[in-house]
Amino acid sequence: MTVVAVLGAGKIGELVLSGLLRAGWPASNLLVTTRRPARAEELRERYGVRIVDNPAAVAEADVLAIAVKPQDAGTLLAEIGPKVPAGKLVVSLCAGLPTSFFAARLPEDTPVVRVMTNTPALVDQAMTAISAGPHATGEHLAVAEEMFKPLGSTIRVPESQQDAVTALSGSGPAYFYLLVEAMIDAGILLGLPRQVAHELIVQTAIGSAVMLRDSGEHPVKLREAVTSPAGTTISAIRELENHGVRAALLAALEAARDRAREIAAQSA
């Protein structure tokens, strides 16, 4: 089985690591690098993986999964770039950084696959978008899919769409959590105990998501099925429209996309 080195075991790096282990990847085939000794010991005890330094990771792994913060990627690549053998697959989980950023700092023709996943990977319900850099082949994409399918669903997209993916699904869980938080507060305002409001809204969110996924219906049709004439739901929707909720979402996602572009520009 492929040996994967996760370079940078922060939140996203640990998501990948734990997901691979849950999928049956042997701990002996997973290497981890981290700057803090305390973090290294924590990961070793929790997952039984081997902690190595960056040069050892480059030498031993078949795939280098780079999961450092975008602002730290340049420093990491300056260290490992000259040591990366020709043809070794690099998988980037650095939000906002294009594959050209890596191509400029790695040996010529190094295959790079850009990946954007999200935190539902913790419960094997991630949405992961995968894009090929100039030298990545279908075989390289298949390796990346093998790594991330155990975490949820995967989709291949052109790299030009990755900033939009970052805004929509990469940051997407936060939008849903904010909405659920607001609806729980509304339930309390209407006289429900917090735990009751929480249970009602969370299960409603789960059920609605499953219907969206499994019914094949457009969300408009599903919404209309709940919205009877002169009823409670249409009264609520009118208020949402009056307060510009739809426009706010459009503006919010544009802002997230623009920030992803800014990160790339600042790191160039």
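Note that the structure is a prediction, hence the values are computed from the model and not measured.
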Are the charged groups of E41 and R44 less than 4.0 angstrom apart, N to O? yes

To the nearest 0.5 Å, how far apart are CD1 in I80 and OG1 in T75? 11.5 Å

Heavy-atom side-chain contact between L222 and S208 under 4.5 Å: no

Measure from NZ or CZ of R105 to the centre of the six-membered ring of F102, then state whether that distance is under 6.0 Å and the direction lies within 45° of the axis. no

Would you give the length of the straight line joining atom CG of L7 to atom CD of E79, rounded to the nearest 0.5 angstrom? 8.5 Å

Kindly give the heavy-atom pair with the smallest separation between P98 and A264, and that separation in Å. CD-CB, 3.9 Å

I66 and L77, any side-chain heavy atoms less than 4.5 Å apart: yes

Charged N-O contact under 4.0 Å between K83 and D53: no

N/O donor-acceptor pair under 3.5 Å between T33 side chain and N54 backbone: no

Residues E217 and R223 bridged, charged N to O under 4.0 Å: no

Main chain of A167, side chain of S171: is a donor-acceptor contact present, judged purely on distance under 3.5 Å? no

Would you call K88 and D62 a salt bridge, taking side-chain N to carboxylate O under 4.0 Å as the test? no

May I ask whether I188 and I201 are part of the same hydrophobic cluster, defined by side-chain heavy atoms of I, L, V, M, F, W, Y residues being less than 4.5 angstrom apart, directly or through others? yes

Could you tell me which non-hydrogen atom of S228 sits nearest to which non-hydrogen atom of I234, and how far apart they are? O-CG2, 3.9 Å

Run the numbers on L168 and L253 for side-chain contact (heavy atoms from CB on, under 4.5 Å), then give the verdict. CA-CA 6 Å; L168 195 63; L253 268 69; 3.0 Å; yes

Please answer whether the main-chain N or O of T137 pairs with a side-chain N or O of H140 as donor and acceptor at a distance below 3.5 Å. yes

Nearest-0.5 Å distance, CG of residue L17 to CZ of residue R46: 9.5 Å

Shortest non-hydrogen separation from G187 to A197 and the atoms involved: CA-CB, 4.2 Å

Please name the pair of heavy atoms, one in S215 and one in M211, separated by the smallest distance, quoted to 0.1 Å. OG-O, 2.6 Å

I'd like to know whether E262 forms a salt bridge (Lys or Arg N to Asp or Glu O under 4.0 Å) with R257, so could you lay out the CA-CA distance, the side-chain angles of the two residues, the decisive distance to 0.1 Å, and finally the verdict. CA-CA 9 Å; E262 288 174 4; R257 183 219 40 209; over 6 Å; no

Output the distance between atom CG (L192) and atom NE2 (H198), rounded to the nearest 0.5 Å. 13.5 Å

Evaluation steps, side-chain contact (heavy atoms from CB on, under 4.5 Å), between L64 and L89: CA-CA 6 Å; L64 302 177; L89 175 58; over 6 Å; no

Measure the shortest side-chain to side-chain distance between D185 and R194 over non-hydrogen atoms and say whether it is less than 4.5 angstrom. yes

Less than 4.5 Å apart, side chain to side chain, heavy atoms only: is that true for L31 and V49? no

Can you find a pair of side-chain heavy atoms, one from S131 and one from P158, that are under 4.5 Å apart? no

Among L20, T117, T128, V115, exactly one meets side-chain contact (heavy atoms from CB on, under 4.5 Å) together with M147. Which residue is that? L20

Backbone N/O of G231 and side chain of S235: donor-acceptor pair under 3.5 Å: yes

Passing option when V113 is tested against L93, L141, V143 for side-chain contact (heavy atoms from CB on, under 4.5 Å): L141

Look only at the side chain of D124 and the backbone of L151, and say whether a donor-acceptor pair between them is shorter than 3.5 Å. no

Minimum heavy-atom distance between D163 and G96, given as atom pair plus value: OD1-CA, 4.3 Å

Answer yes or no: are there more than 12 heavy-atom neighbours, outside E199 itself, under 6.0 Å from its atom CD? no

Step by step, work out the side-chain contact (heavy atoms from CB on, under 4.5 Å) result for I155 and I130. CA-CA 6 Å; I155 187 172; I130 297 172; over 6 Å; no

Nearest 0.5 Å please: distance from the CZ atom of F101 over to the CD1 atom of I263. 12.0 Å

Decide yes or no on side-chain contact (heavy atoms from CB on, under 4.5 Å) for Y47 and V32, but give the supporting numbers first. CA-CA 11 Å; Y47 301 112; V32 179; over 6 Å; no

Salt bridge between E14 and R39, side-chain N to carboxylate O under 4.0 Å? yes

Heavy-atom closest contact (M116 atom, A95 atom, distance): CE-CB, 3.6 Å

Has H218 got a side-chain atom pairing as donor or acceptor with V220's backbone, closer than 3.5 angstrom? yes

Taking the side chain from E159 and the backbone from T99, do they hold a donor-acceptor pair closer than 3.5 Å? yes

In this structure, are over 12 heavy atoms from other groups packed under 6.0 Å from H135 atom NE2? yes

Side-chain donor or acceptor of S92 paired with backbone N/O of R114 under 3.5 Å: no

Should E42 and R36 count as an ion pair when the cut-off is N to O under 4.0 Å? no

Run the salt-bridge test on R35 and D72 with the 4.0 Å N-O cut-off and return the result as yes or no. yes

CD1 of I206 to CD of Q203: how many Å apart, nearest 0.5 Å? 5.0 Å

V4 side chain near T2 side chain, heavy-atom distance below 4.5 Å: yes

Indicate, with yes or no, if M127 and V16 share a hydrophobic cluster defined by side-chain heavy-atom contacts under 4.5 Å among Ile, Leu, Val, Met, Phe, Trp and Tyr. no

Heavy atoms, side chains only, cut-off 4.5 Å: are V180 and Y175 in contact? no

W25 side-chain N/O to S18 backbone N/O, donor-acceptor pair under 3.5 Å: no

According to a hydrophobic-cluster definition based on side-chain heavy atoms being under 4.5 Å apart (Ile, Leu, Val, Met, Phe, Trp, Tyr only), do V3 and V58 belong together? no

Is V52 reachable from L21 through a run of hydrophobic residues whose side-chain heavy atoms are each under 4.5 Å from the next? no

Quick check: are there more than 12 heavy atoms from other residues, nucleotides or ligands sitting under 6.0 Å from CD of E239? yes

Answer whether the closest heavy-atom distance between the side chains of V157 and V165 falls below 4.5 Å. yes

